[in-house]
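Structure record follows, encoded as structure tokens.
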2 protein chains.
Amino acid sequence: MAGKRSGTQSKRPQRKSASLQSGQEPRSEPLLSLERIVATAIELLDAEGIDGLKMRRLADRLGSGAMSLYWHVGNKEEVFDLALDSVLEYRGLPEIVASQDWRGQVVHMLEDWRAVMLRHPWSASLLPRRALGPNILSRLELMSKTLSRAGVADADLNVAIWSLWNYVIGATTTRASFDLSDEDRAAGQQRLTRLSERYPTIERSRLLLDSDWDGVFRKGLDFLLDGLAPR
Amino acid sequence: MAGKRSGTQSKRPQRKSASLQSGQEPRSEPLLSLERIVATAIELLDAEGIDGLKMRRLADRLGSGAMSLYWHVGNKEEVFDLALDSVLEYRGLPEIVASQDWRGQVVHMLEDWRAVMLRHPWSASLLPRRALGPNILSRLELMSKTLSRAGVADADLNVAIWSLWNYVIGATTTRASFDLSDEDRAAGQQRLTRLSERYPTIERSRLLLDSDWDGVFRKGLDFLLDGLAPR
DNA sequence: AATTGCATCGTACAGTGTACGATGTCAACT
DNA sequence: AGTTGACATCGTACACTGTACGATGCAATT
């Protein structure tokens, strides 16, 4: 086995989860905290992409030494996990959740999801290979509840959820991978037109060039929902 | 700009594409060749995962020095690109392609796609962040052609293709991320049951535990196809 | 024999994540 | 007041990574 991933609990000092019961402030500004680390990591990821996140650079932005981070965090992978889950927190709109239009709710939840991941393109390519954090699970839970209340039978529930999940994940990761730099984009287009005679159908429909991503997402989602629960 | 990605053509020596017209054997066994490098890289990826592919280890397996690889390959990223595209080559079954059952064809192509990516789990997490190679484009082209022949209007073609693509990508990446080591699996399950009171619906449907992945994939795909082209 | 292009390799370097221990800080207890 | 000990920060060091650069061998051609 080559597995070297550490479990959920490490034997590191690792910092206790919040104060036990001595409910007093940590005096003034902690200088370093999990929240600040994660927030700054997200900034850095947004600005520099997935390969731009280095522990030293993160520490620089925080005005601390590199090794100081390891008091709050077990390793770099944990930073990725926390950043990903943090970004995916669902700030649900109560008025929509309270409505009876379950289809509208589902569409809203999924479009919100997609919007978040497109705002932070690194999250799309990270999601497939990281564990499920609490915010991700919350989104799944909320979706389950909505579908269940909408009358989807328990037997079909898992199929419905996974289908929608798959669709969103696929759509965002694909979309994110097309959000490359202009340089890459130009190179890709050049390569494609050079090979256009080998892919005539794709070329004709201009599949890769001018797809209306938002519209395509919405229409495909409608098709999927039609299949899941014909109206 | 932090972009350091190289374009399609590098100014490296890089090896000419096949022999020009002096059609003679390169004497005996080339010891090193693009094909052998890619094949060995796939072996290594299968065995050690995405982080297990190091240039030195790859060279060891090939019985060569590390730097020798760079004659055939521009950089490590190119190895990923080649391995990914190589694995995704479609060995279509003519009898199925020739049939008139377009829905069967589509299902077959997508299940084959999924099977390939589950056989090489690293490919699932790689696909979202790499460029589209010729084999991937071929698969898209074949799908386009099939759907087009099936009577899907040009206006709906892109929606249909992207929806199916999204579904497959999402399903395989999700599935692959659940194919962790037993250790991780145990830790995840433990964490989930510990938090089960916060996710009652998920817990009840056992969404994360005993989903029948193959069945779910097939059923969801049927739903999607129903929506795309009601029978 | 000399040249030329192909292919391989050894060495070296600039980064990377992080192990380890030293050091500072502050609240609580004696 | 003095001591302790948990919390938090940091400097240094190391193993390991991708790969730039130049030396070296080798076959075919001149």
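Residue numbers start from 1 in every chain, and the chains themselves are labelled A, B, ... in the order their sequence lines are given, proteins ahead of strands.
Qualifying side-chain hydrogen bond (donor to acceptor under 3.5 Å, both in side chains) partners for Asp60(B), counting only residues two or more places apart in sequence or in other chains: none. With sequence neighbours excluded, the residues satisfying side-chain contact (heavy atoms from CB on, under 4.5 Å) with Asp212(A) are Asp214(A). Asn166(A) pairs by the side-chain hydrogen bond (donor to acceptor under 3.5 Å, both in side chains) definition with nothing, not counting sequence neighbours. Looking at residues two or more places apart in sequence or on another chain, you find a side-chain contact (heavy atoms from CB on, under 4.5 Å) between Ser144(B) and Thr201(A), Ile202(A), Ile161(B). With sequence neighbours left out, Trp113(B) forms a ring-ring contact (aromatic ring centres under 6.0 Å, His included) with Trp165(B).
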Between protein and nucleic acid, restricted to nucleotides 13-17 of chain D and to nitrogen or oxygen atoms under 3.5 Å apart, what atom pairs and distances do you find?
residue: dT17(D); atom: OP1; partner: Lys54(B); partner atom: NZ; Å: 3.3

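Whole-Å rounding puts the Leu31(B) CG to dG25(D) P distance at 16 Å. The CG-P distance, from Leu34(B) to dA7(C), rounds to 11 Å in whole Å. Atoms OH (Tyr70(A)) and P (dA19(C)) sit 7 Å apart, rounded to a whole Å. One can place CG of Asp60(A) at 12 Å from P of dG17(C), the figure rounded to the nearest angstrom. Regarding Asn75(A), its CG atom lies at a distance of 8 Å from the P atom of dA19(C), rounded to whole Å. When the P atom of dT16(C) is taken as reference, atom CG of Leu69(A) falls 14 Å away, rounded to whole Å. Ile37(B) has its CD1 atom 11 Å from the C1' atom of dA7(C), to the nearest Å.
Nearest nucleotide to the Trp71(B) side chain, out of dT19(D), dA7(C), dT9(D): dA7(C). Here the nucleotide nearest the side chain of Leu32(B), chosen from dT8(C), dT9(D), dG18(D), is dT8(C). The nucleotide whose nearest atom lies closest to any side-chain atom of Ser68(A) is, among dC10(D), dC7(D), dC9(C), dC10(D).
Using a 4.5 Å heavy-atom cutoff, the side chains of Tyr90(A) and Val116(A) are not in contact.
Listed pair His72(A) / dC7(D) fails the phosphate criterion, with no side-chain N or O lying under 4.0 Å from OP1 or OP2.
With Phe217(B) as the aromatic partner, Arg114(B) meets the cation-pi criteria of under 6.0 angstrom to the ring centre and within 45 degrees of the ring axis.
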